[in-house]
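What follows is a short report on a single structure.
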Amino acid sequence: MLKVENVTKMFGGLAAVSDVSVEFEAGRINAIIGPNGAGKSTFFNLISGLHQPTSGRILLDGVDVTNLPSDRVARLGVGRTFQTTNLFEQATVLDNLIVGHRLRTKSGLWDVLINSKRLQREEKAARDKAMEALEFVGLAHVAGQFIADITQEERKRVAFALALATDPKIVLLDEPAAGVNPEETVGFAALMRKMVDEKGLTVCLIEHKMDMIMSLADKIMVLDHGEKIAEGTPEEVRNNPVVIEAYLGGDEDAAA
Amino acid sequence: MFKVASLLMTPAAKYLMLAFAILFPLVAANEYQVYVMATAFVWAIAVYGLNIITGFCGQLNLAHGGFFAIGAYTLGLLTADYGWSFWPAFLGALVMTAVLGFLVGIVSLRLKEHYFAIFTLCVGFIIYLLIDKWEELTHGAIGVRDIAAPYGFGLVDFTDTTPFYYLVLAFLVFAIWFMGRLSKSLLGRTFIAIRNGDELAQSLGINLMRNKVLAFVLSTTYAGLAGALYAGMVRFIGPEEANINHTFDMITYLLVGGIGTIMGPLLGTVGIVWITQSLQFLEEYRMIIFGPLLVLLVIFFPRGITGSFLTWMHRKSQALAPTKKRQENKVNTAQNREAESNA
Amino acid sequence: MLQLNHVDVCYGSFKALTDISMTVDAGELVVLLGANGAGKSSLFNAISGLVKPTAGEIQFEDKQLNGMKASAVVASGVVQCAEGRKLFPQMSVMQNLMMGAYVHRRDRQGNRKRLNEVLELFPILADKADEPAGSLSGGQQQMVAIGRAMMSRPRLLMLDEPSLGLAPLVVKQVFETVKQINSLGTTVLLAEQNAFAALKIAHRAYVMENGHLVMEGDRETMLGNEQVRKAYIGA
Amino acid sequence: GEVNIGFTGPLSGGAALYGENTLSGLRMAVAEINAAGGFDLNGEKTTVNLVPLDDRYSPAQAATNAKRLKQESNVSAVFVPHSGGIFALQDFNEKDNFLVMAYSSVPSITEKGNSLTLRIPPTFDGYVRAFTDYALEHEGKKLGMGGATHEYAKIWGAMIKKEWESKGGEVVSDNPMDYNKSADFFTGVSRIISESPDVMFVGGASEPTGLVVQQARQMGFQGGFIVMDQAKIDEVAQVAGGLDMVEGAIGVVPLSVYDTPAAKDFIKRYKAEYDKMPGSEAAYNYLALHALVEAMDATESTDPKTIRAAIGDALKNMDTRKNPYEVTEVTENGGFVTETTLAVVKDGEIVREEIK
Amino acid sequence: MSLFLQQIINGLTLGSIYGLVALGLTLVYGILHIPNFAHGALYMVGAFMSYFFMVDLGAHYWIAMAGSAAVVAVLAILCERLVFHPLRHSPPIHDKIAAIGILLFLEAVVQMFWGSDFRRMSSPFTGIMNFDGLIIPEQRLLIIAGAFVLVVALQLFLRKTMTGATIIAMAQSREGAFLVGIDANRVAMMTFAISGMLAAFAATLYAPINLVYPAMGHLVIMKAFVIIILGGMGSVPGAIAGGMIIGFAEALGGFYISTSYKDIIAFGLLVLILSVRPQGLFAKGAH
Ligand SMILES: Nc1ncnc2c1ncn2[C@@H]1O[C@H](COP(=O)(O)OP(=O)(O)OP(=O)(O)O)[C@@H](O)[C@H]1O
Ligand SMILES: Nc1ncnc2c1ncn2[C@@H]1O[C@H](COP(=O)(O)OP(=O)(O)OP(=O)(O)O)[C@@H](O)[C@H]1O
Ligand SMILES: [Mg+2]
Ligand SMILES: [Mg+2]
């Protein structure tokens, strides 16, 4: 599905991601963990085309997407959320979501001018898609509310829905459960499972919440100082001495 | 107060306003008032252009007045120096502003926020300097005279104020109609998405450059349209048409009316143009009042007439549904947070 | 030394802290436990004067902290070493440390002495003195942050998740340092998710949940408490 | 009764002082007429009401103002002190039926044949001829062009250049500068000086002209100056650092150097009223308004066409106290005819020279 | 050769003035992220205050300069307190508009008191030095020396004093500054005051070889913006280097290419450079 080969990203003299190779299989939940500043978000930015890697290759279903801009990557089926959610406060949830399907539509200025059939069709499609995504994340009931009026957790879900509206094959979720309480975290975990099970998506997520990761992920990659220090099933990672040393912490506070 | 305002915003009110605009020359006290209204409408068209790039797309374009001047000059020079008749020259002005808008757009839109604003400020100034200095083409400071007036194909005489008023009105209605359509369409939503956050927009598969350039070209074309109408109305233009103050004026109209709204540009422009006319007697004291007013406005009514009204409407609807779970948004709370630390 | 009475904090209409009352005595090392979003940072920021409590009062010795400006709070000896470090990235390590002494800028002698103490605590910083703080590793940055806070000569030092994102080795080191700082006479209030490590060096602890204080006790009681073990330490 | 007379000019912005000066002459004339109880219009005592509007030097705003003056105050004449505004008004003044009282020396104002335009000051082609003659004879053949870049100065400069070359002179450098906005004239002036001209053409507003002159002298320029009529030699000298600095300058005769009793009397009254030295814009507009009212009085009419036809006689019959420049004639195209004069700075003094 | 040297001196003079104005602009931007369009108006007010002290009150040049700096500093602080502070959380477009409001207001007030005509203010330094055909008026030398002294003084203040360092600290991390007990308001006010003072110094240094009039700030502020974009917004060395680049481009371009197009040179340079390097000449990251 997604294959990353020897990718390095330098910011000035700093190697934010250095020589990382990994492969994520379709229909799985893949997690990336690591200390703050390990390069997790940067790794996502590289995949989604927001940043261009300094060296290395990224293949999506065999297609080289290494140097594509992020809008092209999105069109190839990579959806994502950001660490900080940024939505249009003064508009309704639904209005925020409609644009999510824009990349699958073609109408331009001329269609607007003559109010073409195509435009009408595509606007309806976008609206339907938005509603569908909203239902999927369980927020159909807030469709008409303003973003400014919904809760933190609902915002996060809207961000999910926005990524889903792009019809992705793979979604990259950057700390989806940060700042939500434990109860809601469980909900998010369920949602991610549902994405894989019902939609057949591939999920990649970054999280610090270990209990969630350990129970959810099929595969975990651990980054530290930009380097991949381990990769494997939760079980393998949990018992990997290097990971314990660098991230999980030794003996007594292993589970913290 | 709000009763009146709320009437102003309903769709029916839009037709009422249109009816008023159509009847205006009949009820106006004299031709001068019609003339001023026509001037206001011309500016309003340009302000709608600014609304596209700045209100929807979120890029503060300070070269807007420059493009207005390019529209005016293209029409002026084509008719006065090259013997074109009005309507072909008018089309020429639109094409010219669109093409130049495209060229400026692809360079300037690579910059963001303040950099874009200041860059376009400089572009606007370069336009002014070129008009002022490139005498072989523009006559420099001497200006362009004997600009053709629009001809009415033997049906109407647009050199008269009232027919010209209707001509401008027709263009204005088209401009607003198109803006309304645009804002609700997928394309308009795309622009707004870019304003909200270009990284997010891009990750949704939106080609930033293409969309921003499109918005920019649209906005400069609006400016060119207004400029061409202006030249056909005043029929004498000079480099001062490109003065940066015109851009500042237009931003003020936009802000007062309500940035990013559909009716805001019109209300703001017409309102201020009339206020300016009636404050004539203040002469140099005008700015002593106007400057602080502008400051107070952005502090206390940051969303302009229309925006403040919409917020108020929204509050009211919230108040009607008290059971709704409410949580203040991050922006507000972040404000609160720093407000305290600075208190 | 520090006393909070019925403190509330709201962000807009969202209530982040509800009716918090607590005390910290001179010389104590008190730990504040709580999950993500429980309100630990909010509490610290309220004490530091970075957010204004909507109700209640905060008393430090004989001074009322609520209503004071953040700068005045630091000057009166309550210093926070915040989550995320908040260093001046392009300034050198030394400049960062010296900025910490801002409220005592007139007492050059004292600052020099203090600087030596801090460098003794973190010898590695002396080697890195002229490097921009932003270029340091996470652990070293955390040391700079703690060191900078120490330069403000706190009588009450508040540390907000100092172990966040650090490798265990460094975490251990940080906790040792905190303990040392405390034993040298500085009162410490420590917010942590790393409950076990924190409790091991603490005298007392409070537990927060959803903006409420739900539990209080000394180290032994806490370590022995079934609920705490389950929620914050793990099986 | 009362008749309204309109004015549109810069009363705010960069050119406000100029507008105010113009207006001061008009106000003075109106005050005098009304103090005498007005004038006789069809047997009715009629006073004059001056309606001034601000156009910030913008042609478009001038046009709007003129519409307003015509529609709301029914004026029969509008005074405009800038060529842009004049051109804008000429577009519709015949249709809307009002007189444009043009205060600008640009020749094309009257050349277009607008039947309701009166040009108040003389065109500058007379000056151009006289100045170049004098400079070629007394200073030398090499001219450096260092005039301003605004519209008016451009037209002036172009005529000077043409005249100079047609008389066998040589233009060694042509480097106009923006007098109103420039941060520094050093570069521009040194560029002109580097071609070692005998005479420099300078001129915009008096003060920046003074700076240009001063910097030219500082850089060692010894020759004379042809000073465009917008700048007044006395004011230029003040900025440049004394009349010594402007030795050899040729320009229009400042009102203060006019020795006629009419001019002296006007200066005295103006000073008493405004406590400053009047410039020519005040004096010219003062006399034009008097002439306008004189014509209304004589024809018993406020109709623009009638007034226009009678203005020549009005000027001739007018009390010389009201006519400081002693204008006595109007050309067919509507230009006031004034005797062209010329002043030169000689041995640190401004002297009036006869024109041959 | 001496003509060339002449232009070099002129470039230095212009560069010094532009640099000083740009410096104030860049300081404010660095801390508060406000592109202060009203900065040119402060510059203009600075010139008028000096004019007022010298011509109307008969003060000595230096006294007038100090007085003007003090007045403009207070004015700048008022702008910060009354306008920019309340707007600190508004969208970026709003503070730009407010700055325009301030600009219109200040110009109108000055015009009310002094009218719009050109005024002349002379300094005691009217002599002209002639080095073998190279002519340097004393005032121009004073400008260059004055700018040099001010820049050095500012650098010492920012680098060597704790108070100055708070400005840098705030620019790098607001929260960090709060945590060490820096009073944000104080720093903001201080920055505005310094920026106003630099503008007043620049105006007072420059006025004697120029004219004093309400529109005098327009072109200068435009160029200052060009400079800080070139030099990287918020960068002190960038502002000085940028000032010199524009000063020299103008002096040499104006002499060797065309005086009428000399202003276009500055702006054209910007367009050219940003087309190639969108991040400016000296900044490292993109924006
Ligand atoms: N645009 C950028 N320019 C320069 N440096 C950057 C940029 N983006 C990230 N970095 C640096 O790269 C490193 C990795 O950052 P990144 O955001 O990927 O970390 P992370 O693993 O996501 O951390 P966290 O868990 O805190 O989100 C950090 O040192 C960061 O400062
Ligand atoms: N500036 C703010 N605006 C709005 N809400 C905020 C703000 N800061 C914190 N919150 C909310 O207040 C609650 C408490 O947050 P706080 O940062 O105090 O928790 P915490 O215990 O420090 O968590 P963490 O372990 O993640 O640091 C959270 O729900 C958070 O989303
Ligand atoms: Mg991250
Ligand atoms: Mg926290």
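Computed over heavy atoms, backbone and side chain alike; hydrogens, waters and symmetry mates excluded. Each chain gets a letter, A, B and so on, in the order the sequences are listed, and its residues count up from 1.
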Taking [options] one by one, which has the highest count of heavy-atom pairs under 4.5 Å against chain D?
options	result
E/Q7, E/H218, E/R140, E/M216	E/R140
E/I128, E/N130, E/T126	E/I128
E/L252, E/T13, E/I257	E/I257

### Message
As an exercise, state the distance from CZ of D/F185 to CG of E/L211, rounded to the nearest 0.5 Å.
### Response
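The CG atom of E/L211 is 6.5 Å from CZ of D/F185, to the nearest 0.5 Å.
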
### Task
Calculate, to the nearest 0.5 Å, the distance between atoms CZ and CG belonging to E/F255 and D/N175 respectively.
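If we round to the nearest 0.5 Å, E/F255:CZ and D/N175:CG are 9.5 Å apart.
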
More than 12 heavy atoms of other residues, nucleotides or ligands under 6.0 Å from [atom1] of [X]: is that the case?
X	atom1	answer
D/D275	CG	no
D/E349	CD	no
D/K276	NZ	yes
E/F148	CZ	no

### Message
Less than 4.5 Å to any heavy atom of chain D: does that hold for the side chain of E/P137, its backbone, both, or neither?
### Response
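Side chain only.
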
### Query
Looking only at heavy atoms, which of residues 186-193 of chain D get nearer than 4.5 Å to chain E?
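The stretch touches chain E at D/F186, D/T187, D/G188, D/S190, D/R191.
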
### Query
Is any residue of residues 216-228 of chain D within less than 4.5 Å of chain E by heavy atoms, and which ones?
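Listed by number: D/Q218, D/M219.
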
### Query
Does any pair with a residue in residues 119-130 of chain E pass salt bridge (charged side-chain N to carboxylate O under 4.0 Å, His left out), and if so which ones, sequence neighbours excluded?
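Of all non-adjacent pairs touching residues 119-130 of chain E, those that pass salt bridge (charged side-chain N to carboxylate O under 4.0 Å, His left out) are E/D117-E/R119.
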
List the atom pairs, donor and acceptor, that lie under 3.5 Å between side-chain atoms in residues 238-251 of chain D and the rest of the protein, sequence neighbours left out.
{"residue": "D/E247", "atom": "OE1", "partner": "D/D347", "partner atom": "N", "Å": "3.2"}
{"residue": "D/E247", "atom": "OE1", "partner": "D/G348", "partner atom": "N", "Å": "2.9"}
{"residue": "D/E247", "atom": "OE2", "partner": "D/D347", "partner atom": "N", "Å": "2.7"}

